[in-house]
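Reading through the structure tokens given below for one structure.
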Amino acid sequence: MLDTANLTGLNQEEVIAARTKAGWNELPAAKPVGPIRVFLRQFSSFLVIILIVAAVVALALGEVVDAIAIGLVIVLNALLGFVQEWRAETALSALKKLLDPLAMVLRDGKEQQIPAREIVPGDILVLAAGAKVAADARLLQSVDLSVDESVLTGESVPVSKDSDADTVLAGTSVVAGRAEAQVVATGTATAFGKVADLTVSVGLKVTNLQSKLGQLARQLGIAALLIATAVVGLGIAVGRDALEMVMTGLSLSVAMVPEGLPAVVTITLALGATAMVRQKALARRLQAVETLGAASVICSDKTGTLTENKMTATAIWTIDRQYEVTGTGYDPAGHIAADGQRLLAKDDAVLAQLLQVGLYCSHARLDQQGNSWVLVGAPTEGALVTLAYKGWCELPENRNLIAEVPFSSSRKRMSVLYEHNGQATVLTKGAPEQVLEISTKVMTQTGPIEITTETRSQIEEAYAALASRGLRVIAVASRAVADQTIVEDQMVFLGLIGLIDPPRAEVKAAIKGAKSAGIRVIMITGDSPITAAAIADQLALEVTHKVTGAELKELDDIELTALLRKNVLFARTQPEQKMRIVAALQADGQIVAMTGDGVNDAPALKKADIGVSMGVRGTDVARDASDLVLLDDNFATIVRAIAEGRRQFANVRKFVRYLLSSNAGEVVALVVNIAIGGPLIFLATQILWMNLITDGVTAVALGLEKAEPDQMRQPPRAKQSSILGIGGVGLIVLFGIYTGLASLWIFFQLLEQGEMLARTTAFTAMVIFEKMSVFAFRSLTLPVWRIGCFSNPFLLGALCLMIGAQLLAVYWPPLQTMLHTVPIGPDQWVMIALFALPLIIVPEVVKTVRCYRAA
Ligand code: ATP
């Protein structure tokens, strides 16, 4: 028997007493990575090893100043790495807090949602399909409960729990049914608490982008070692100073390896995830931030994501009378009228029965809070309860719920068995097709009549008419039974109720935005094809093919693939069919974002490239399976998150290209210089200064670029698109050659005036060139007047700061000693400026011309 009326749960005092005894319902957190570990981790990279070798070599050769300079660089680099990684770690753990689980409990006679950690022994858990069990609990009552215990047992087949003595365990999740269960153990006292492995720390997972960049760094590392060895060999062979050559070789390898890249990417993605939360999208995995930018299809459910999920009954249809309903939301102020006349349940027997089914066959409840009414439960049911209130439907004094066959998205109907004055009645509500299927009679004002072909088509026409207005249609039926078991058969069809669920205001624009960004939107709903098409129409979502779940079953994979290339909408689907749709789209080369909120959606969410779950109405199981949680359940948020993902990826590309172009310039200058036999152009410490300080800071600022204005008017990037791209490689080579040769020319021009002056000017020239090149890398296609001169103040700030640092490097004695520089005069500055100007002007002119040509 299921009767929550007898249960009240704990009151506040009992909760406090129980908590004093048992503590909070939580497991000791996995040991976070401490700051010292994060700091020490900075010394394990390839770059640092090269630097340490360089410092030791310098020391061995008596170059104490160089050794100290390199040592300082090592420490500074470690500090910078530490600060950035620490920021990423703390940003991520702040995001994790947002995911803290909630649980439904019965306290003070009321069902309420509370943070799971506040649960105490004695609490009554209210469990429904998709919920994660928050503590060990003994079942008090249950209906068709089945639980997935694979977390504890490894057994993936759900276990059904039907005996009242059964227990449910923390960490497991409800696959189907409903139950109330009394908590017996919390926190570490639970079976899960005893086995949970707490030694695993929550670290930063490696995403595709990071591993791709890691690979790039390794390849460059090997190339660097080979080139450096060759250069050293070459230098010594042509009779150069061995010490100088070894130092150059080491610097050259440092110059070539973008070791810091994977870390910068982690930070960019972690900060990107934080930026996404501001847009109401919570990335559960960093991978999502990156993959989102490449999404080419969004498969979205309708109810709650495209629509508000705020249901109000507006129309009622019975075979011989139709009714209109006034009022909005869950406020019972409003009335039911037929032929212009207000009606109450007592005036109309058919209406009375119809309203009763809506009221009793439901778990929803309305609470009055001040002047407003708040729904506890599912919106569809809330609308029916509100409707019953509007018709003053009578509440029997001793209603007695005996049994229930719960609603599921697969069955699309639910039934309950009630006993009233010794008479048992089955009440059913659900999708009209599902209710009609089990009905043999239809109720008229003068009593039930057999359903004939004619009456059936009358019902179907009425259903289509309501649905084509975009209403969600629920059918209700009932039947008196002799014994106390539910039989969903030979029911009397009572009528149809049309619920309005308005489209969300922002969604129309978001669908348009997705379209211009080359992202297709496919609606997959459990609702009827007519309702779905009407809503699609209201949202200006183009649909040429409507396919039901039953029709989808008949299609083979080739037909499905062909269909998925058209503007298709799926209705009356089974949740399991989402999986097939994802697989077919992926096999066709698409990157799929798929939404889901139910327990049966979890496999499809895992399979999709980006599984999207709902923060407000979703189940725990769906959330656990997803990569992205929409904190506001809104479709528009997915499109905003995609825009953010695209920006992140574009920015990673920008700073990778920029850093490599700077490295290329240095390598060109060093290698050509050695080949033509000039004295060393850059010293090891100078190269370190350029790569780790002046370029590093500029690159981080480049990672903060705003989205390019036409970012969401471009098609999604290809699945396997490389980070550099052909255009990027071209730019890196061109800039490398120009800056390398220009600094070399300056060096040779000034060599007569002294090696120190020539070297300092060439070094400063290179720094200035690298700073000026950054504008070209802000966008490969758009000139600065399109992206805005001042749209990235961080970049301008970083440039000023780094030019200031270079002035110190040239004019401040301590840095002069460390970097082996001498002051340079106005002539040298003019020379540098003349060579630097084309770096700003030429790319802008080329981009402007291209822009006009394209327009
Ligand atoms: P979407 O998949 O877009 O969220 P949906 O909410 O209509 O759409 P389901 O929740 O699977 O999908 O519902 C499928 C159908 O089952 C609904 O169209 C409705 O006719 C019926 N239905 C929904 N909720 C209930 C309920 N609580 N009781 C009985 N029938 C219901």
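For the single chain, residues carry numbers from 1 onward in sequence order. Indexing begins at 1, ligand by ligand and atom by atom, following the structure's order.
Nearest to atom 19 (C) of ligand 1 among the protein's heavy atoms is Ile474 CD1, 3.6 Å. Regarding atom 14 (C) of ligand 1, its nearest protein heavy-atom neighbour is Gly526 O, 3.5 Å. Thr525 OG1, 3.4 Å is the protein heavy atom nearest to atom 1 (P) of ligand 1. When hydrogens are left out, the protein atom nearest atom 27 (N) of ligand 1 is Glu381 OE2, 3.1 Å; that is the closest non-hydrogen contact. For atom 13 (O) of ligand 1, the closest non-hydrogen atom of the protein is Phe407 CZ, 3.7 Å. In this structure, the protein non-hydrogen atom closest to atom 23 (C) of ligand 1 is Arg472 NH2, 3.2 Å. Given atom 28 (N) of ligand 1, the protein heavy atom at minimum distance is Lys429 NZ, 3.0 Å. Looking at atom 3 (O) of ligand 1, its nearest protein heavy atom turns out to be Lys302 N, 2.7 Å.
A salt bridge links Asp588 and Arg565; the closest N-O separation between the charged side-chain nitrogens and carboxylate oxygens is under 4.0 Å. Taking a cutoff of 4.0 Å between a charged side-chain nitrogen and a carboxylate oxygen, Asp597 and Arg623 do not qualify as a salt bridge.
Atom OG of Ser415 and atom CG of Leu417 lie 9.5 Å apart (nearest 0.5 Å). Remark: His545 NE2 to Leu569 CG distance equals 11.5 Å, nearest 0.5 Å. Interatomic distance, CG of Leu552 versus OG1 of Thr573, reported as 8.0 Å (0.5 Å rounding).
In this comparison of Pro432, Gly596, Gly430, the heavy atom closest to atom 30 (N) of ligand 1 sits on Gly430.
For ligand 1, the atoms sitting less than 4.0 Å from at least one non-hydrogen atom of Val473 are 20 (O), numbered in the order shown with element in parentheses. Near Ser409, meaning under 4.0 Å from any of its heavy atoms, are these atoms of ligand 1: 9 (P), 10 (O), 11 (O). For ligand 1, the atoms sitting less than 4.0 Å from at least one non-hydrogen atom of Arg572 are 15 (C), 17 (C), 18 (O), 20 (O), numbered in the order shown with element in parentheses. Applying the 4.0 Å criterion to heavy atoms of Ala431 picks out, from ligand 1, the atoms 20 (O), 21 (C).
In terms of polar-atom proximity, defined here as any N/O pair under 3.5 Å, Arg413 makes no such contact with ligand 1. Ligand 1 has no N or O atom lying under 3.5 Å from any N or O atom of Ser528, backbone or side chain.
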N/O donor to acceptor pairs below 3.5 angstrom from side-chain atoms of residues 523-542, sequence neighbours left out:
{"residue": "Thr525", "atom": "OG1", "partner": "Asp527", "partner atom": "N", "Å": "2.9"}
{"residue": "Asp527", "atom": "OD2", "partner": "Lys302", "partner atom": "NZ", "Å": "3.0"}
{"residue": "Asp527", "atom": "OD2", "partner": "Arg472", "partner atom": "NH1", "Å": "3.3"}
{"residue": "Ser528", "atom": "OG", "partner": "Ile530", "partner atom": "N", "Å": "3.4"}
{"residue": "Ser528", "atom": "OG", "partner": "Thr531", "partner atom": "N", "Å": "3.1"}
{"residue": "Ser528", "atom": "OG", "partner": "Thr531", "partner atom": "OG1", "Å": "3.0"}
{"residue": "Thr531", "atom": "OG1", "partner": "Leu471", "partner atom": "O", "Å": "2.9"}
{"residue": "Glu542", "atom": "OE2", "partner": "Asn567", "partner atom": "ND2", "Å": "3.3"}

Test side chain to side chain contact (heavy atoms under 4.5 Å, CB included) applied to Ile474 and Leu384, step by step: CA-CA 9 Å; Ile474 298 288; Leu384 299 182; 4.2 Å; yes
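Relative orientation of the Tyr418 and Tyr360 rings is tilted, given thresholds of 30° and 60° on the angle between their planes.
Within a 6.0 Å sphere centred on CH2 of Trp373, heavy atoms belonging to other residues, nucleotides or ligands number more than 12.
Listed by chain and residue number, Arg411, Arg413 satisfy the salt bridge (charged side-chain N to carboxylate O under 4.0 Å, His left out) test with Glu488 (two or more places apart in sequence, or in another chain).
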